[in-house]
Number of protein chains: 2
Amino acid sequence: MLTEERHRLILELLAEKKVVKLQELVEATASSESTIRRDLSQLEKEKKLRRVHGGAALLHQKREELSVLEKSTKNMEEKRMIAQYAAQLVQDGDCIYIDAGTTTLEMVPHIHAKDIVVVTNGITHLEALLEKDIPTYLLGGLIKKKTKALIGRGALHSLEHYSFDKCFIGVNGIHHDFGYTTPDPEEAMVKSLALKLSRQAYVLADHSKMNESTFAKIADLEAATIITDELDDELLALYEAKTAIEVVKK
Amino acid sequence: MLTEERHRLILELLAEKKVVKLQELVEATASSESTIRRDLSQLEKEKKLRRVHGGAALLHQKREELSVLEKSTKNMEEKRMIAQYAAQLVQDGDCIYIDAGTTTLEMVPHIHAKDIVVVTNGITHLEALLEKDIPTYLLGGLIKKKTKALIGRGALHSLEHYSFDKCFIGVNGIHHDFGYTTPDPEEAMVKSLALKLSRQAYVLADHSKMNESTFAKIADLEAATIITDELDDELLALYEAKTAIEVVKK
DNA sequence: TCAAAAATCAATCAAAATCATTCATTTACA
DNA sequence: TGTAAATGAATGATTTTGATTGATTTTTGA
């Protein structure tokens, strides 16, 4: 395998996983440990990654986020799994909408479909999308400082000009009676419209959002397929009566 | 196999695979190693590919990125002066449009007016604007990877919903006969519409842009006030016959 | 808490792969 | 047929690679 090729593969794996073990890279590239070490040294010198004991990490990945504790409190691992599953639903040639939010952001490095077009209201998504050379359209509108999401009349107006093969929406609550909810009504309107404009709609939510409800309603359960990471059989049956639901196992 | 045919085949394989091993090319073309080496040398000289140890790789457009970086640091002091002058034109309560570009970006930290609202198509401007707690609206549209500007139909559509007290536009050429110009027609349309929607319009350009013209016309000179850093009296008189012009002294 | 054990690391070196160069030989074409 | 360009084989130089060494860091377990 060519050096160039190896370096690309290393950076791609890193983008997907945030942290990679040296041994994983040895396996993935079928090269020796020495070679991978040399690669990592070089890529670090080029400021493409940061070496850590046992492997490598993304540059802007904070040290604390590597700790198991932080990961478990924020359900990072679960979100990654959900995002990975969602990403492989994207097919060659799809036009998709990706909602702002941390879970949907995780999708981007896992998307491998070719010739796709992405529309998003998440400014934080741009870097990853452009990095992968995916043609990207942004909604207009007011920028919500805290989340860097585009909302308001302008966002709705922009959305109206599109329609999607698939959309991927993050929510804060999924509830049997109240449907999909999120705290900000402005955001809810954007999410709601995106759902309507999409042939297939997916809602991404880790288990901490199940059976919860917050202020603003986005849509009824029927409006989308749920992708989550964990759900006991009783609840599963309850939700399955209303809509399709995918439970991603570890 | 003819040289030309080989070259075509090499580039084709390369386009498909991003990187090719020399040995693969030897097999694919049924030529000797020496011949392929010669081909690769030649194609590299023609800037069709990049040789790497063991084969060849596509050349990525890092050249452009460098040129952008170069451009952004060129005449920086002049640009900063122009931007500072423009920034103090912003009054309390104004609604303004700030165009994408390095000169206009420099405006943001110098704006001291209160209760203003900013609309922009420059994604790079966001950080500075939000840092100053300025309510900011972004246009929608396609993201131009090179400049991180929003362009296209979506951007024009978004713009139509606004009107401004003042707008600040960057241009690549100011010419007595050809007016204001910029290389990208898509961007020109956005700039042009912003000018029309504004009660007062300002064009920011350092002296290197004066008496120059590029591909796509934005508007006639009359459509805006010019802010620049240096201009001999003869030219000044020429331009003043057509429009207002502010020359910012050191 | 501490020391032993395990894992990971940087440095070195020889083998393997790749490279540029040279020089006959073949091919293309007038 | 003669000439110039293109080819392929051979040479030694250069680069990359993988194994090995002992040093360093992390983990384990008492």
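Here the structure is a predicted model, which is why all the values come from computation and not from measurement. Chain A is the first sequence line, chain B the second, and so forth, proteins listed ahead of strands; every chain is numbered from 1.
- Atom NZ of A:Lys144 sits about 10.5 Å away from atom CG of A:Asn121, to the nearest 0.5 Å.
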For a side chain to side chain donor-acceptor pair (under 3.5 Å) check, start with the C-alpha distance between B:Thr182 and B:Asn172, then their side-chain angles and the critical distance, and finish with the verdict.
CA-CA 5 Å; B:Thr182 200; B:Asn172 286 67; 3.1 Å; yes
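- Applying the ring-ring contact (aromatic ring centres under 6.0 Å, His included) rule to B:Phe215 yields no partners; only residues at least two apart in sequence or on another chain are considered.
- The separation between B:Leu40 atom CG and D:dT7 atom P is 13 Å, rounded to whole Å.
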Evaluate the criterion salt bridge (charged side-chain N to carboxylate O under 4.0 Å, His left out) for residue pair A:Glu4 and B:Arg50; output intermediate values, then yes/no.
CA-CA 11 Å; A:Glu4 191 87 2; B:Arg50 193 164 45 91; 2.7 Å; yes
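- Rounded to an integer number of Å, the gap from A:Ile36 CD1 to D:dA19 P is 13 Å.
- Residues passing the ring-ring contact (aromatic ring centres under 6.0 Å, His included) test with A:Phe168, sequence neighbours excluded: A:Tyr202.
- Comparing the axis of the opening five pairs of the helix from C:dT1-D:dA30 to C:dA30-D:dT1 with that of the closing five pairs yields an angle of 40°, rounded to 10°.
- Between the side chain of B:Thr3 and the base of D:dA6 there is no donor-acceptor pair of N/O atoms closer than 3.5 Å.
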Take nucleotides 4-10 of chain C nucleotide by nucleotide from the 5' end and write B, S or -, depending on whether a protein heavy atom sits under 4.0 Å from the base, only from the sugar-phosphate, or from neither.
----SBS
Using the rule given for side chain to side chain donor-acceptor pair (under 3.5 Å), can you reason through A:Glu16 versus A:Gln84, listing the C-alpha separation, both sets of side-chain angles and the distance that settles it, and then say yes or no?
CA-CA 9 Å; A:Glu16 286 183 17; A:Gln84 189 163 8; 4.9 Å; no
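- Rounding to whole angstrom units, NE2 of residue A:His7 and C1' of D:dT17 are separated by 13 Å.
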Under 3.5 Å, N/O pairs linking protein and nucleotides 23-30 of chain C:
none

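- Between the side chain of B:Ser32 and the base of D:dA9, no donor-acceptor pair under 3.5 Å is found.
- Among B:Asp39, B:Val20, B:Thr35, B:Leu14, the single residue meeting the side-chain contact (heavy atoms from CB on, under 4.5 Å) criterion with B:Leu25 is B:Val20.
- For the pair B:Ile151 and B:Glu187, the tightest heavy-atom approach, listed with the atom from each and the gap, is CG2-CG, 3.5 Å.
- Partners of A:Glu234 according to the salt bridge (Lys or Arg N to Asp or Glu O under 4.0 Å) rule, which considers only residues two or more places apart in sequence or in another chain, do not exist here.
- We find that CD of A:Glu5 is positioned 16 Å from P of D:dT16, with the value rounded to whole Å.
- One can place CD of A:Glu4 at 15 Å from P of C:dT18, the figure rounded to the nearest angstrom.
- Looking only at side-chain heavy atoms (C-beta outward), A:Ile169 and A:Leu204 stay at 4.5 Å or farther from each other.
- A heavy-atom distance below 4.5 Å is found between the side chains of B:Leu126 and B:Thr136.
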